[in-house]
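First comes the structure, then the notes that go with it.
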Amino acid sequence: MKDTFTQALRLGIIMLILAFVLGWVDAFVFAPRRLPACVQEKLPAGRICLETLATRHQNKVVWVDARSQADFELNHLMLPDNRMFPIRKGADMQRQVDAAIGRLLEAGELGEAVVVFCTNECTASEEIAAELRGLGMIDAPIYVLEGGWEVLKANGMGVD
């Protein structure tokens, strides 16, 4: 009887240690890489969760990539040219807007949304979305994607 109790106690201690180690690994290795859940109701106006975008617009989207050229060359969305436009802050911005404006104007007529994204840490998407809204010519809703490129890649939309 004492042997069975000792074995059960040892097994319990081993399981407790294993649970602690697995919890530590999850907290310090995997959790920092997880994207937080997106809650549309908690976002400021003009921002959108990928899930909400799929529901509201059935993925009828014209994408604006506000990331740097270097980031774009590393990985990007694989979409037809008329569904994705690079618009970046800087000297070429007006030329890029001019190249995309016809399609952005058409998005409103087609019931599409215009979604601007960059990396999660950058603010360029907010600035470019504000510039596009400021034109006053685009009838389509213009959003900034919450979580940016990281969300697109995590959902299998990005290509390296």
Side-chain angles (χ1 to χ4, degrees), residues 19 22-160:
L22 290 175
W24 183 88
V25 168
D26 180 61
F28 293 100
V29 176
F30 296 112
R33 295 183 184 143
R34 272 189 220 122
L35 295 170
C38 187
V39 180
Q40 187 65 48
E41 295 75 30
K42 292 184 178 181
L43 295 180
R47 295 188 74 85
I48 194 163
C49 297
L50 189 61
E51 298 81 16
T52 305
L53 184 65
T55 303
R56 283 187 194 167
H57 298 282
Q58 291 79 40
N59 294 320
K60 292 171 45 178
V61 177
V62 177
W63 296 95
V64 175
D65 189 340
R67 298 174 305 142
S68 70
Q69 182 66 29
D71 283 342
F72 176 80
E73 288 173 5
L74 284 175
N75 41 47
H76 52 276
L77 295 175
M78 289 301 290
L79 295 170
D81 287 344
N82 69 343
R83 297 274 316 275
M84 206 284 298
F85 296 91
I87 299 178
R88 298 178 177 90
K89 296 294 288 179
D92 287 342
M93 183 175 167
Q94 189 58 52
R95 182 186 55 77
Q96 293 166 341
V97 169
D98 291 344
I101 195 67
R103 183 61 177 91
L104 297 176
L105 294 172
E106 185 180 46
E109 298 168 12
L110 298 175
E112 299 170 322
V114 174
V115 179
V116 184
F117 70 93
C118 62
T119 59
N120 203 18
E121 300 86 33
C122 88
T123 59
S125 55
E126 290 284 352
E127 296 169 24
I128 290 171
E131 293 270 345
L132 294 174
R133 289 182 194 114
L135 294 174
M137 302 170 15
I138 301 171
D139 290 334
I142 300 171
Y143 300 110
V144 171
L145 180 64
E146 183 68 17
W149 172 254
E150 289 81 0
V151 167
L152 293 171
K153 190 164 183 177
N155 282 277
M157 296 177 69
V159 175
D160 289 335

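Nothing fancy with the numbering, it's 1 onward along the sequence. No experiment lies behind these values; they were computed from the predicted model shown.
The two atoms that bring Cys118 and Ala124 nearest to each other are SG-N, 4.1 Å, heavy atoms only. Listed here is the closest heavy atom pair of Phe85 and Ala99: CE2-O, 4.3 Å. Heavy-atom minimum distance, Ala140 versus Glu112: CB-O, 3.3 Å. The minimum heavy-atom distance between Leu145 and Trp63, with the atom names listed, is CD2-CZ3, 4.1 Å. Across every non-hydrogen atom of Arg133 and Tyr143, the tightest pair is NH2-CA, 4.0 Å.
Phe117 is listed as a side-chain neighbour of Leu152, based on a closest heavy-atom distance under 4.5 Å. Between Leu53 and Gln40, the closest side-chain pair of non-hydrogen atoms is not below 4.5 Å. Within the 4.5 Å cutoff, the side chain of Leu135 has no heavy atoms near those of the Leu104 side chain. In this structure, Arg103 and Val62 have side chains that are in contact, with non-hydrogen atoms separated by less than 4.5 Å. Using a 4.5 Å cut-off on side-chain heavy atoms (C-beta onward), Arg56 and Pro141 make no contact. With a 4.5 Å cut-off on side-chain heavy atoms, Leu43 and Ile48 do not count as touching. Looking at Arg88 and Asp92, their side chains never come closer than 4.5 Å, going by heavy atoms from C-beta outward.
Expressed to the nearest 0.5 Å, how far CG of Asp139 lies from CG of Leu105 amounts to 8.0 Å. Note that the CD1 atom of Ile138 and the CG atom of Leu132 stand 4.5 Å from one another [nearest 0.5 Å]. One finds the CD1 atom of Ile101 at 12.0 Å from the CD atom of Glu106 (value rounded to the nearest 0.5 Å). Here Met93 contributes atom CE and Asp98 contributes atom CG; the two are 10.5 Å apart, rounded to the nearest 0.5 Å. Note that the NZ atom of Lys89 and the OG1 atom of Thr123 stand 9.0 Å from one another [nearest 0.5 Å].
Classification of Glu146 and Lys42 as a salt-bridged pair fails, no side-chain N sitting under 4.0 Å from a carboxylate O. Ion pairing between a basic and an acidic side chain is recognised when a charged N comes within 4.0 Å of a carboxylate O; Lys153 and Glu150 show no such pairing.
Between the Gln58 side chain and the Thr55 main chain, a donor and an acceptor come within less than 3.5 Å of each other.
In terms of the salt bridge (charged side-chain N to carboxylate O under 4.0 Å, His left out) criterion, residue partners of Arg67 (sequence neighbours excluded) are, by chain and number, Asp65.
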